[in-house]
Amino acid sequence: MTAVESSMEGLPPVIADVPGQEHASAFLARAVQHPRHAYLFTGPEGSGKRLAMRAVAAALLCPDGGCGDCRACRLALGERHSNMLVLEPTGPDILVGRDAGDPNTARWLAGQAYLTPMEPGRKVLVVLQADRLRIEAADVLLKVLEEPPLDTVFVLLSARPDDLPDTIRSRCQEISFPPLSEEFVVESLVREGLDPGRARLACRLAGGNMGRARRLARDDDALAFRDVALEAAATAGQGPPGALAAAEQLTAAAKDFRGRLGEELAAELRPFLDERGKPEEAFRGVVRRLEEQHERRVRRAEREFLDWSLLALAAYWRDLVAASSGGGDDVLINLDRPGALGAERGAVSAVTAAIAMGAVEQARADLADETNLNARLILERLFLRLSSLAGHAV
Amino acid sequence: MKFKCDRDALSDALQTVQRAVSSRPGIPALTGVLMNASGEELVLATTDLEVSARLRLPVQVQEEGVTLIPARLLADMVKSFDQAPVEFEAQSNQARIVCNNYEGTVRCLPAEDFPALQDPGGTRVTVDATALAEGIAQVARAASRDEARPILTGVLLEINREGLTMVATDSYRLAVRELTASAEGEAKALVPERALGEAGRAAGGDDKGQAELFVDQGQVAFRSGALTLTSRLIEGEFPNYRQLLPEHYENKLTASRQQLLDAVRRVGLMARESSPVKMEFNALGVRLSSSSPDFGGAIESVEAQYEGEEMTAAFNPGYLVDGLTAAVGERVEIEVRDGLKPAVIRGKGESYVYLVMPVRLPAPVG
Ligand SMILES: [Zn+2]
C-alpha cells in the first residue's frame with residue numbers, strides 16, 4: 001500500500017477514487033458528512049473538479065454515503081441521477097432564462113432548487129464553468145443561495161473564480177484543486193498501459209491537464225499542433241513578413257482541425273440517423289442533445305487548438321530558458337527533442353527567451369477571453385513581437 | 001417480459017401517459033415509458049421530473065418483467081395498428097411488437113436510469129372528480145407567473161376533516177375554493193400550477209366519479225380511475241391567506257354575473273397597459289369607465305342591487321374578468337370597503353372567494 005492509498009483509508013469509496021487530489025478529497029470526505037449548502041470548486045481545467053463533483057454527488061445521494069457500486073452511485077457518477085441537475089453553459093454566458101422550463105439557465109436551476117426532490121433524499125445542483133454566469137443570472141442564483149432549501153447542495157465549478165461576483169463567492173465554501181502533479185499524471189497514464197517517456201512528454205505539454213495528457217499520449221496525430229507551432233515560430237523568425245505568414249499558418253491549421261473534428265462528431269451521430277440523415281423518432285431527444293454538445297465543441301475547437309499550439313510554443317521557450325540556465329535535458333518539457341534546441345541554445349539569452357514566453361502567455365490569455373473575437377490579430381501581434389525578439393538576439 | 005392485450009386499450013393508455021414525457025430531456029431514459037408487467041396487469045409510467053404519470057391496464061401477462069421503451073415511438077407505432085390483439089415481448093435490450101402481420105423491433109432504454117417513482121402515501125382525501133376539476137380551474141388562474149417568487153407560482157392545497165381548500169395568489173389577487181371532502185387527517189402541499197392543471201385535466205371531462213388525493217412531505221398524488229399523477233411540491237411557506245380574507249363588508253353589489261362580465265370586458269378594451277377600469281357604486285348599480293390618453297374612453301352602467309355608501313374604486317380589468325369568470329352561478333356579489341382595500345367577488349354559495357386589490361387612483365385635483 002502506498003502512502004497515498006493509506007491516507008485514503010476510511011474515505012467513502014467514491015471520494016477515494018477522485019484522482020490525485022488528496023487534500024480536496026480528504027476535505028470533501030468530511031464535508032459530505034454534514035454538507036454546507038454551497039461549494040465552489042476552483043482550479044485549472046483538467047485538475048479533476050468535475051470528477052470530484054460527481055463523487056460528492058454520489059456520496060450525498062447514495063444510501064451508504066458513496067459506496068461506488070449501487071444504482072444511486074452509478075447514476076450520480078454518470079450525471080444521470082434525477083436528484084442531480086447539471087447546468088452546462090450552452091453559449092459564452094449563462095443566462096437568466098425565460099422560465100423554470102428553460103434548460104441550462106439560472107431560472108431552470110433555481111426552479112429545481114425550490115421543488116422537493118424527485119427521489120427521497122437530497123438534491124445536488126451543479127453549475128459548470130460558473131464564471132460564465134451573466135450578472136442578472138448570478139442575481140437569480142444568489143437569491144437561492146441566500147435562502148437555500150435545506151435539502152439542496154450547490155456545487156459550482158470554475159477555472160476562473162476571480163470572474164465570479166463576490167456576492168456568490170462569499171456564499172460558497174471554496175475548495176481548490178491545484179494542477180495534478182506530474183508524477184501522478186504520468187503514473188496514471190503508465191498504469192493505463194502507455195509508454196512512460198511518452199506519458200511524461202504528454203503531461204508536460206498538457207500542463208498537467210490529465211484528460212489532455214491522455215489524448216496526447218494516445219493519439220499519434222495529437223502532437224501535430226506542436227509541429228505546427230514550432231514551424232510557425234521558425235517562419236516568424238525570418239522577420240515581419242514571416243510573422244504575418246506564421247499567423248496565417250497557425251490559423252489555417254486551426255480551421256483544418258475544426259473541420260476534422262466536425263466530421264468526427266458527425267460520424268458519432270450516424271447510428272441514430274435513418275437513410276435520409278434524419279434522426280430516428282426514438283432518438284430525437286438524444287440526437288438533439290448530442291448535436292448541441294457537438295456544436296459547442298466545434299465552436300471551441302479552433303480556440304482550443306490555438307491554445308494548445310501556444311502552450312507548446314511557451315514550452316519551447318521555457319526549455320530554452322532552462323537550457324541556457326544550465327539545466328539538463330531531464331528538466332525539458334519537450335523531452336523528445338533535446339537536439340532541436342541545439343542550434344538555439346547559445347543564440348538566445350535566458351532573458352530574451354523569458355520575454356518570449358511572457359508574450360506567448362499574454363496571447364493565450366487574450367485568446368481565452370471569448371469577447372476577443374479576432375484570433376488572427378492576436379496571433380499577428382504575437383509573432384511580430386517574437387520576430388523582433390529574434391532580431392534582437394542576433 | 002411478455003404480454004398480450006387489446007390494441008385500443010394500449011393505444012389510449014400510451015397516449016395518456018405520454019403527456020408526462022419530457023419534451024426536452026437531459027437524460028435519455030426520460031424519453032421512455034417504463035412498462036411493468038406483473039400479475040394480471042401492466043403499469044405504464046412516465047415522468048418529466050416534475051409531473052409523473054402511472055396508468056394501470058389489465059393485460060394477459062405471459063411473463064412478468066420490466067422494460068423501458070421510447071414512449072413516443074411506441075405510442076405512434078401502436079396507434080398505427082389495426083384493431084387486433086397486440087403481442088409485446090422484451091428481452092435484455094430489445095423489444096418485439098407483433099400485431100396482425102406486422103412485426104417491429106425497438107431498442108430498449110436503460111431501465112435503471114428511470115427515476116424511482118414513489119408510491120402515493122400520506123394523508124388521503126376523497127373528492128368528487130368534477131368538483132376538483134372545477135375548483136382547480138377557478139384558483140389556478142390566480143397563481144403567479146413570476147419565477148422570482150417561486151412560492152406564489154404554486155397552488156396551496158390544505159386538507160382538514162371538513163374537506164379540501166385550494167388557494168392561489170400572485171399578490172394582486174387571491175382565489176380560494178373550498179371543496180367538501182372526506183379526509184383522514186390534516187396536511188398541506190404547495191403544488192406547481194402546471195402540475196395541478198394536469199391533474200384538473202385528468203379529473204375533468206366525462207363523469208369520473210371520485211378522485212383521491214394523497215399528500216406527503218415530498219409529493220402529491222391524484223388518482224382517478226386507473227391513472228395516478230404525482231407531482232413534486234414547492235418548498236417553502238405559503239403566506240397566511242386567512243388573515244387576508246376580510247369579514248363581510250357593509251357595501252355589497254349584487255348583479256347578473258354575465259352582464260357585469262360583458263361590461264367589464266367592453267370597457268376594459270380601452271384600458272391599456274396599467275390604466276384601470278373605474279367602478280362607481282351607487283343606488284342604481286355600478287358605472288364602469290376607462291380612459292386612455294392614446295385611444296379614447298368608454299363608459300357603461302350596469303343596473304344592479306347595491307347596499308351601502310356610494311364609493312369609487314378602480315381595478316385591473318383582466319383581474320376582474322378572471323374573478324367574474326371563475327365565480328359560478330347566475331348572480332355575483334362584489335363587496336367593497338373603499339378605494340384602497342381589496343374587493344371580494346363571490347359566486348353562488350360560499351365555496352369560492354376571489355379577492356382583488358384596487359388600483360390607487362390619482363388624487364382629484366383641487
Ligand atoms: Zn452507493
Side-chain angles (χ1 to χ4, degrees), chain A residues 70-72 74-75 78-88 96-121 123 136 139-140 143-144 147-152 271-272 279-290 292-293, chain B residues 21-32 47-52 69-77 106-118 121 145-154 189-195 216-220 230-236:
Chain A
C70 69
R71 169 182 174 271
R74 277 194 299 278
L75 293 183
E79 297 183 11
R80 298 193 309 279
H81 199 293
S82 55
N83 286 24
M84 179 182 185
L85 200 76
V86 181
L87 190 164
E88 187 169 12
V96 175
R98 282 188 314 278
D99 53 38
D102 198 359
N104 291 311
T105 65
R107 287 215 168 115
W108 181 62
L109 199 75
Q112 291 294 317
Y114 291 114
L115 288 177
T116 51
M118 183 72 202
E119 293 182 19
K123 289 172 294 192
E136 315 86 76
D139 284 346
V140 171
K143 256 194 106 192
V144 193
E147 290 175 65
L150 291 176
D151 55 9
T152 303
F272 300 106
E280 279 181 49
E281 188 69 22
F283 301 114
R284 252 196 224 166
V286 183
V287 167
R288 207 181 311 142
R289 189 166 141 84
L290 278 175
E292 281 174 6
Q293 283 175 353
Chain B
V21 175
S22 176
S23 57
R24 243 203 103 105
I27 307 172
L30 298 183
T31 60
T47 181
D48 64 10
L49 290 187
E50 183 174 320
V51 181
S52 309
I69 304 288
R72 213 175 132 164
L73 178 66
L74 185 65
D76 289 350
M77 195 186 265
V106 179
R107 241 183 292 173
C108 305
L109 295 162
E112 181 186 78
D113 288 12
F114 194 82
L117 303 184
Q118 306 303 304
R145 305 280 180 279
D146 180 7
E147 313 261 354
R149 304 181 68 185
I151 297 221
L152 299 188
T153 63
L190 191 52
V191 186
E193 187 266 339
R194 189 184 72 82
D216 64 24
Q217 293 288 309
Q219 70 174 18
V220 59
T230 52
S231 169
R232 294 163 70 182
L233 306 178
I234 298 173
E235 300 187 40

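Chain letters run A, B, ... following the sequence lines, proteins first and then strands; every chain starts at 1. For clarity, every value in this text was computed on a predicted model and none was experimentally measured. Heavy atoms only: backbone and side chains are in, while hydrogens, waters and symmetry mates are out.
- In this structure, no portion of A:A110 lies under 4.5 Å from any heavy atom of chain B.
- The existence of a salt bridge linking A:D99 and B:R194 is excluded, since no basic side-chain nitrogen approaches an acidic carboxylate oxygen closer than 4.0 Å.
- Contact of B:Q118 with chain A is made through the side chain alone, with heavy-atom distances under 4.5 Å.
- Not a single salt bridge (Lys or Arg N to Asp or Glu O under 4.0 Å) links B:R149 to another residue, sequence neighbours left out.
- Between A:L75 and B:E112 there is a side-chain heavy-atom pair separated by less than 4.5 Å.
- For B:E235, the salt bridge (Lys or Arg N to Asp or Glu O under 4.0 Å) partners at least two apart in sequence or on another chain are A:K123.
- Only the side chain of A:R107 comes within less than 4.5 Å of a heavy atom of chain B; its backbone N, CA, C and O stay farther away.
- For the options B:I234, B:T153, B:L233, heavy-atom pairs under 4.5 Å to chain A are most numerous at B:L233.
- The parts of A:L115 that come within reach of chain B are both its backbone and its side chain, each placing non-hydrogen atoms under 4.5 angstrom from that chain.
- With hydrogens and angles ignored, the 3.5 Å screen pairs no side-chain donor or acceptor of B:S52 with any backbone N or O of B:T47.
- Atom CZ of B:F114 and atom CG of B:L30 lie 7.0 Å apart (nearest 0.5 Å).
- Only the side chain of B:P192 comes within less than 4.5 Å of a heavy atom of chain A; its backbone N, CA, C and O stay farther away.
- Residue contact with chain A, scored on non-hydrogen atoms closer than 4.5 Å, involves the side chain of B:L117 exclusively.
- Most heavy-atom pairs under 4.5 Å with chain B, from the set A:E119, A:Q112, A:E147: that is A:E119.
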